[in-house]
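Structure, as structure tokens:
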Amino acid sequence: MKRAVIGLTGGIASGKTTVANMLEEFGYYVLDSDKIAHQAMHDSKIKKQIDETFGDIAFDSKGEVDRKFLGSVVFKDPIQLAKLNSIIHPYVYHHLEHMIASRHNAIVFVDVPLLFEAKFTTLTDKNIVVYAPKEIQIQRLMDRNDFTEEQALERIEAQMPIDEKRDLADFVVDNSGRLMDTRKQLLHMLPHIAE
Ligand code: ATP
């Protein structure tokens with residue numbers, strides 16, 4: 001069987017991690033691009049670029065990147081967000097590429113929130129979008145992150161609209177219902193994923 005690399009994406013708080021956890025429970029290998037992006041913040045070359053771009057203010061007293069501060073800067077300013085992405089995305093892409101190549105699983109899932117926006121689809125054969133309508137994304141962000149409705153909307157609107165992502169998907173998992181329904185959809189979909 002040909003090996004398949006499957007992208008897993010969706011909108012913020014639509015349920016990517018929830019679905020990734022289910023896939024792991026089923027025994028699949030799932031790469032987490034957010035984890036790699038966090039590691040990137042400790043890489044000396046990346047820290048140098050962040051320093052050159054955002055200055056001292058982006059670091060805490062221990063010399064580590066102050067992610068909370070950077071987050072608050074970039075989510076309000078698309079130009080700053082693009083600058084940060086241009087530093088972080090190549091690192092994440094390179095590491096994912098390497099990790100995919102070093103695995104021998106028949107199917108490798110890669111969880112990439114900005115799969116379409118950052119064009120990481122060049123790494124994947126097919127793509128799954130975990131879908132939940134905007135109202136549910138807002139509710140989950142308010143519950144999980146203690147965001148106000150305004151803060152939730154700000155985060156959602158900084159991304160490609162989830163309906164557009166759904167149109168780009170090879171497979172859609174509707175995670176607007178119960179977890180049990182999501183699990184069922186996955187079990188139906190998985191036999192077809194590498195066809
Ligand atoms: P992010 O984009 O922030 O990384 P995500 O897409 O990975 O988020 P999750 O963290 O999986 O989303 O889910 C967002 C929140 O919604 C979590 O608190 C999770 O427990 C909850 N959640 C996910 N799916 C469901 C569901 N089907 N029913 C109820 N709550 C859910």
Side-chain angles (χ1 to χ4, degrees), residues 6-26 28-41 65 67-76 78 81-82 84-85 88-89 91-93 95-96 99 108-121 123-124 126-190:
I6 312 293
L8 182 65
T9 192
I12 184 167
S14 70
K16 297 173 295 294
T17 307
T18 302
V19 166
N21 290 342
M22 287 180 186
L23 291 168
E24 283 182 338
E25 259 175 56
F26 297 152
Y28 290 95
Y29 181 63
V30 185
L31 285 168
D32 181 351
S33 66
D34 269 350
K35 230 185 238 171
I36 302 172
H38 287 184
Q39 283 163 12
M41 298 295 190
V65 176
R67 291 183 36 232
K68 212 166 180 185
F69 171 80
L70 259 190
S72 71
V73 170
V74 301
F75 282 112
K76 289 198 187 309
L81 178 61
L84 182 62
N85 284 344
I88 304 297
H89 285 173
Y91 178 99
V92 176
Y93 190 98
H95 279 72
L96 279 177
M99 289 164 92
V108 174
F109 290 92
V110 286
D111 177 351
V112 188
L114 297 179
L115 182 78
F116 297 120
E117 292 93 328
K119 302 192 170 46
F120 276 39
T121 44
L123 287 173
T124 60
K126 287 191 180 157
N127 303 299
I128 300 172
V129 166
V130 181
Y131 178 80
K134 201 169 166 179
E135 305 72 56
I136 290 186
Q137 284 179 279
I138 293 171
Q139 195 53 56
R140 289 184 182 158
L141 277 171
M142 290 170 70
D143 292 343
R144 187 191 62 182
N145 297 43
D146 264 337
F147 282 168
T148 62
E149 188 171 350
E150 198 189 11
Q151 285 172 318
L153 263 174
E154 189 179 87
R155 300 288 165 133
I156 290 167
E157 280 166 7
Q159 292 191 340
M160 181 190 285
I162 192 151
D163 290 319
E164 254 173 63
K165 292 191 180 184
R166 189 170 56 171
D167 292 343
L168 294 169
D170 296 293
F171 299 95
V172 177
V173 175
D174 185 335
N175 183 44
S176 56
R178 293 173 309 168
L179 292 174
M180 199 206 294
D181 297 325
T182 300
R183 194 181 293 270
K184 269 191 202 152
Q185 290 173 61
L186 282 179
L187 289 170
H188 273 289
M189 186 189 73
L190 285 165

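Each ligand, and each atom within it, is numbered from 1 in the order the structure gives.
Among protein heavy atoms, atom 20 (O) of ligand 1 sits closest to Thr18 OG1, 4.6 Å. With hydrogens left out, the protein atom closest to atom 6 (O) of ligand 1 is Lys16 NZ, 2.7 Å, a heavy atom. Closest to atom 29 (C) of ligand 1 among all protein heavy atoms lies Arg140 NH2, 3.8 Å. Looking only at heavy atoms of the protein, atom 24 (N) of ligand 1 is closest to Asn175 ND2, 2.9 Å. The shortest contact between atom 7 (O) of ligand 1 and any protein heavy atom is with Thr17 OG1, 2.6 Å.
Atom CG of Asp32 sits about 9.0 Å away from atom CG of Leu96, to the nearest 0.5 Å. If you take CG on Leu23 and CG on Leu186, they are separated by 5.5 Å, rounding to the nearest 0.5 Å.
The shortest heavy-atom distance from Ala13 to ligand 1 is under 4.0 Å. By the 4.0 Å heavy-atom criterion, Gly177 is counted among the residues contacting ligand 1. For the pair Ser176 and ligand 1, no heavy-atom separation below 4.0 Å is found.
The only member of Val110, Val130, Val129, Leu31 that meets side chain to side chain contact (heavy atoms under 4.5 Å, CB included) when paired with Leu8 is Val130.
Residue-to-ligand polar distances place Arg144 within reach of ligand 1: an N/O pair is separated by less than 3.5 Å. Inclusion of Ser14 in the set of residues having an N or O under 3.5 Å from an N or O of ligand 1 is warranted.
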For a side chain to side chain contact (heavy atoms under 4.5 Å, CB included) check, start with the C-alpha distance between Met189 and Ile128, then their side-chain angles and the critical distance, and finish with the verdict.
CA-CA 10 Å; Met189 186 189 73; Ile128 300 172; 3.4 Å; yes

Between Asn145 and Gln151, does the side chain to side chain contact (heavy atoms under 4.5 Å, CB included) criterion hold? Intermediate values first, please.
CA-CA 10 Å; Asn145 297 43; Gln151 285 172 318; over 6 Å; no

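A donor-acceptor pair is defined here as one N or O able to donate and one able to accept, closer than 3.5 Å; no such pair exists between the side chain of Glu117 and the backbone of Gln159.
Using a 4.5 Å heavy-atom cutoff, the side chains of Met41 and Ile88 are in contact.
Close contacts between ligand 1 and Gly15 involve ligand atoms 5 (P), 6 (O), 9 (P), 11 (O), 12 (O), 13 (O) [criterion: under 4.0 Å to a heavy atom].
With respect to Asp143 and Arg140, no salt bridge is recorded, no charged nitrogen being found less than 4.0 Å from a carboxylate O.
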